[in-house]
There are 2 protein chains.
Amino acid sequence: MPSVTVENYLKTIYLHQQRRPREELVPMGELASAMSVTPGTATSMVKNLSDQELVDYEPRGGVRLTRTGDKTALQVLRRHRLVEVFLVEVLGLDWAEVHDEAEELEHAISDKLLDRLDAFLGYPEFDPHGDPIPSAKGMPKAAELVDIVEAPQGRAMRVARIKDQDPAFLRFLERCGLTPGQLVTVTGRDAVADAVTVHPDGKDPVTLGTSAGRKIMLRPASQRR
Amino acid sequence: MPSVTVENYLKTIYLHQQRRPREELVPMGELASAMSVTPGTATSMVKNLSDQELVDYEPRGGVRLTRTGDKTALQVLRRHRLVEVFLVEVLGLDWAEVHDEAEELEHAISDKLLDRLDAFLGYPEFDPHGDPIPSAKGMPKAAELVDIVEAPQGRAMRVARIKDQDPAFLRFLERCGLTPGQLVTVTGRDAVADAVTVHPDGKDPVTLGTSAGRKIMLRPASQRR
DNA sequence: TCTTTTATTTTGATTTGTCAAAATTCAATC
DNA sequence: GATTGAATTTTGACAAATCAAAATAAAAGA
């Protein structure tokens, strides 16, 4: 069985791979800072992962998951996200806090327990932040979402997913009414001010900087999921 | 924060201290085999715990928890037992399996989450095996229980607690109807055969060897808890 | 008391995951 | 082309937890 550390490296590589163009390698520096370790540590760990055939490592290029590594990363993500659903839906924890809790629990749950939990929760497809929950098979094909900055203005949209786990940011979104499922309209964009204004249905309009706006993903209100 | 390993040592020392006369030291060999490590490993670990003031260590005598060590051990036990209640009561896992699951989860739960869980479960006082759940303050004073071998014959008793976590043993008890809460009568004892016979209310009588019988603790049926 | 047995401790090594700092490589600039 | 700079790798060291095997102490027998 992979150690907690190995699981965390694989999960982190997976997540960073997602955020960049197809087939591109994740640079070692990026991995190191994401894992909060020195670059040298990341290098030696990645060599180790490479020996275990969990990643492809190209010296001075970066890393990418192998099929096996990918499968393991998805299992970790599945545990993480199902735990988050449980913490919010069942125990009523604040969605802003559950990420850190799940970060620990994701390494402590057996397959059997996970299946029970999944059934108990009614086989949810998304976690409280709108992140898709991988099935035992793999990651469901993602619907195409647009972030607030890129979204068409004046169209009825719905918040689908938040791409940041920082509790302060999440609490801010909650106050504004920008939580997954919420109906919104993007009402304006100002390139000079580097800002975008969004109007959550039944709430006050909110103006965000584009770096914040890019973390909030929308789908057309008409679209099921 | 103590490591998972440290938590496990403290928990194990606590449990073994319980099983022996007041103030007596737990021998290193017993600790080593309970932890499934070599004696040398136990010695070096215990020295380490002693430096952290978590145990008193008497070379060639054994170990005993300090007040601090005791408190930490009880926190671990509290997490373990609340998790067990959750797994059985909420997710419906078999009581024979939950010990191993809880063994992992007990190290991954934050104080905040634990409090939520406790409230959600209705502040239970005992886990599925009848083991008392320590409160945030400490371990509740244990009611005096008798094992099946020592119990008076012909009196209405109730199963209070099972002092063994082996799934095979627990499943056996379930088949016989010897689970916590069950009304039973001890109907006979045979010193020569080293056996004892117990009659669970509404089930068939069961004859057990005394070593098995000593793992099943009873209280008078009249006594609340 | 002397010897044997058993429990415990010591010693030296190993693995995993980490850091600091020096060395290297590659790309970019002059 | 030579030099600078940034990213990466290498090297040597360390802490935690472990084992195997040798050394020691205490208890039990003779």
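Just so we're on the same page: letters track the sequence lines, and every chain starts at 1.
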Engineer: Figure out the CG/P separation between B:L49 and D:dA17, and round it to whole Å.
Structural biologist: 9 Å
Engineer: Between A:T41 and A:R60, just flag the one whose closest nucleotide in DNA chain C comes earlier from the 5' side.
Structural biologist: A:T41
Engineer: Side-chain N or O of A:Y57 versus OP1/OP2 of D:dT9: is the shortest distance under 4.0 Å?
Structural biologist: yes
Engineer: Using whole Å, report how far CG of A:D51 lies from C1' of C:dT16.
Structural biologist: 14 Å
Engineer: Where is the tightest heavy-atom contact between A:A42 and A:A32, given as atom of each residue plus distance?
Structural biologist: CB-CB, 3.8 Å
Engineer: Given C:dG17, is OP1 or OP2 found less than 4.0 Å from the side-chain N or O atoms of A:N48?
Structural biologist: yes
Engineer: Rounded at 0.5 Å granularity, tell me how far CZ in B:R64 sits from CD in B:E58.
Structural biologist: 5.5 Å
Engineer: Which nucleotide in the set C:dT8, D:dT8, C:dA20 lies at the smallest distance from any side-chain heavy atom of A:T38?
Structural biologist: C:dA20
Engineer: Under 4.0 Å from any atom of DNA chain D, heavy atoms only: list the residues of residues 7-18 of chain A that qualify, in numerical order.
Structural biologist: none
Engineer: What is the nucleic acid contact for B:G29, judged by heavy atoms within less than 4.0 Å: base, sugar-phosphate only, or nothing?
Structural biologist: sugar-phosphate
Engineer: B:Q52 CD to D:dA15 C1': how many Å, rounded?
Structural biologist: 12 Å
Engineer: Taking OP1 and OP2 of C:dG17, is either one under 4.0 Å from a side-chain nitrogen or oxygen of A:S3?
Structural biologist: yes
Engineer: After noting the C-alpha distance and the side-chain angles of B:F86 and A:F86, does the key distance pass the ring-ring contact (aromatic ring centres under 6.0 Å, His included) rule?
Structural biologist: CA-CA 12 Å; B:F86 163 74; A:F86 164 75; 5.2 Å; yes
Engineer: Provide, to the nearest angstrom, the distance between the CE atom belonging to A:M28 and the C1' atom belonging to D:dT10.
Structural biologist: 13 Å
Engineer: Distance under 6.0 Å and angle within 45° of the ring axis: does A:K215 meet both against A:F169?
Structural biologist: yes
Engineer: Side chains of B:E53 and B:T66: donor-acceptor distance under 3.5 Å anywhere?
Structural biologist: no
Engineer: Round to the nearest Å and state the distance from B:M45 atom CE to D:dC19 atom P.
Structural biologist: 12 Å
Engineer: Tell me: CD of A:E58 to P of D:dT8, nearest whole Å?
Structural biologist: 13 Å
Engineer: Nearest to the side chain of A:K47, which nucleotide is it out of D:dT9, D:dT10, D:dT18?
Structural biologist: D:dT10
Engineer: Shortest non-hydrogen contact from B:L218 to B:I148?
Structural biologist: CD1-CG1, 3.8 Å
Engineer: Does the plane of the ring in B:H80 sit parallel, tilted or perpendicular to the ring in B:H99? Use 30° and 60° as the thresholds.
Structural biologist: tilted
